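Before any comments, here is the structure.
Chain A is the first sequence line, chain B the second, and so forth, proteins listed ahead of strands; every chain is numbered from 1. Treat the numbers as computed from the prediction; the structure is a model and nothing was measured.
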Protein chains: 2
Amino acid sequence: MSEEKLNKFSVSEDCPVRNVLDRIGDKWSMLVLLVLNEEGVLRFNEIDKYIETISQRMLSVTLKGLESDGLIKRTVYPVIPPKVEYELTERGQSLMPHLQSLVSWAKANLNDIKASRVAFEA
Amino acid sequence: MSEEKLNKFSVSEDCPVRNVLDRIGDKWSMLVLLVLNEEGVLRFNEIDKYIETISQRMLSVTLKGLESDGLIKRTVYPVIPPKVEYELTERGQSLMPHLQSLVSWAKANLNDIKASRVAFEA
DNA sequence: CTGCATCCCGTACGATACTG
DNA sequence: CAGTATCGTACGGGATGCAG
């Protein structure tokens, strides 16, 4: 185990993996990205309907986080009643293939993983 | 927005995405997987050294979680002092390419994302 | 309609000490 | 060496109410 390798993985504050995963690894971000990727442009309430179990508060917080990372774009139309649309940015779109690949793996392995969890309890 | 599409993303208890992401999306699991993928077989204390900032407790908890999902294998040697080795299972290995692809994206976009965050504050 | 403010809770996480 | 036990804390996240 060389010093070089040690440093490669030693986790400091700036670990790139953690920096990204801390964003998309939270409870809702990835789902919002997947929905927007599928549907293109959506309003606040539309996203809310797609992700049934999310609260308004968490949707708001999640959207703000994704916007601050430049993964989604927020467009406000100055009309009454207010209308706000969300869509993926180019950066957000460039992330999607990698997420999709993870989703495929998840779907393919979900049953086996569940079985393992049950077996592990015993 | 058809009913069909709604159901496709409506998040229930069994969402495959969430089921996987809840495991590898926590604070340490992905890092442990990456280290084991790089080094092959490691003992408890070796992993601890690689991931400098993790506590013994969290490493223990994380390893148990990954083992219960069948992503890593734990081998105990009945010797004194005790010796326990950890390594990726086949399932764990099959996940790694997807994680690696995410890591590459993270490294490539880290600086831009950080810049976006700063700009967003203003 | 969009989304912020407030209150509250469970749990993820960390520090320390201890054991086979 | 490889953990477990215990205790505290911080933060994610839900419910509700209010505002522009």
Can you list the residues that meet the side chain to side chain donor-acceptor pair (under 3.5 Å) rule with [X], with sequence neighbours excluded?
X      : result
A:S68  : none
A:R23  : A:D69
B:D112 : none
A:S94  : B:W105

Can you list the other members of the hydrophobic cluster that holds B:Y77, where links are side-chain heavy atoms under 4.5 angstrom apart?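 B:V79, all in the cluster of B:Y77.
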Do any of residues 69-88 of chain A sit with a heavy atom less than 4.0 Å from DNA chain C, and if so which?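 Listed by number, they are A:R74, A:P81, A:P82, A:V84, A:Y86.
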Sole residue of A:K107, A:R117, A:K114 in side-chain hydrogen bond (donor to acceptor under 3.5 Å, both in side chains) with B:N19: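 Among the candidates, only A:R117 passes.
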For B:L34 and B:M96, what are the C-alpha separation, side-chain angles and deciding distance, and is it a side chain to side chain contact (heavy atoms under 4.5 Å, CB included)? CA-CA 8 Å; B:L34 289 170; B:M96 296 316 296; 3.7 Å; yes
Outermost DNA chain C nucleotides near chain A [under 4.0 Å, heavy atoms]: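 First-to-last contact on DNA chain C, by the 4.0 Å heavy-atom rule, is C:dC1 to C:dT6.
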If you fit an axis to the five pairs at each end of the helix from C:dC1-D:dG20 to C:dG20-D:dC1, how big is the angle between those two axes, to 10 degrees?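 Comparing the first five pairs with the last five, the axes sit 50° apart.
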Salt bridge (charged side-chain N to carboxylate O under 4.0 Å, His left out) against B:D22, all qualifying residues, sequence neighbours excluded: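 With neighbours one apart ignored, the set is B:R18.
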Sequence neighbours left out, what passes salt bridge (charged side-chain N to carboxylate O under 4.0 Å, His left out) with A:K83? Give chain and number order.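 With sequence neighbours excluded, A:K83 shows a salt bridge (charged side-chain N to carboxylate O under 4.0 Å, His left out) to A:E85, given in chain and number order.
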Using a 3.5 Å distance criterion without hydrogens, assess whether the side chain of B:S29 forms a donor-acceptor pair with backbone atoms of B:G25.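 Flag not set: sc B:S29 to bb B:G25 has no pair under 3.5 Å.
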I'd like to know if the side chain of B:S101 reaches the main chain of A:H98, judged simply by a donor and an acceptor atom lying under 3.5 Å from each other, with no hydrogens or angles considered.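 Judged by distance alone, no pair lies under 3.5 Å.
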Could you state the atom-to-atom distance from [atom1] of [X] to [atom2] of [N] in whole Å?
X     : N      : atom1 : atom2 : answer
A:D22 : D:dG12 : CG    : C1'   : 13 Å
B:K49 : D:dC1  : NZ    : C1'   : 10 Å
B:L59 : D:dG3  : CG    : C1'   : 10 Å

Mind listing the side-chain donor-acceptor pairs of residues 57-66 of chain A below 3.5 Å, one per line with the distance, residues two or more places apart or on another chain?
| residue | atom | partner | partner atom | Å |
| --- | --- | --- | --- | --- |
| A:T62 | OG1 | A:M58 | O | 2.6 |

I'd like a list of close polar pairs between nucleotides 14-18 of chain D and the protein, N/O only, cut-off under 3.5 Å.
| residue | atom | partner | partner atom | Å |
| --- | --- | --- | --- | --- |
| D:dG14 | OP1 | A:K27 | NZ | 3.1 |
| D:dG14 | N7 | A:R57 | NE | 3.4 |
| D:dG14 | O6 | A:R57 | NE | 3.1 |

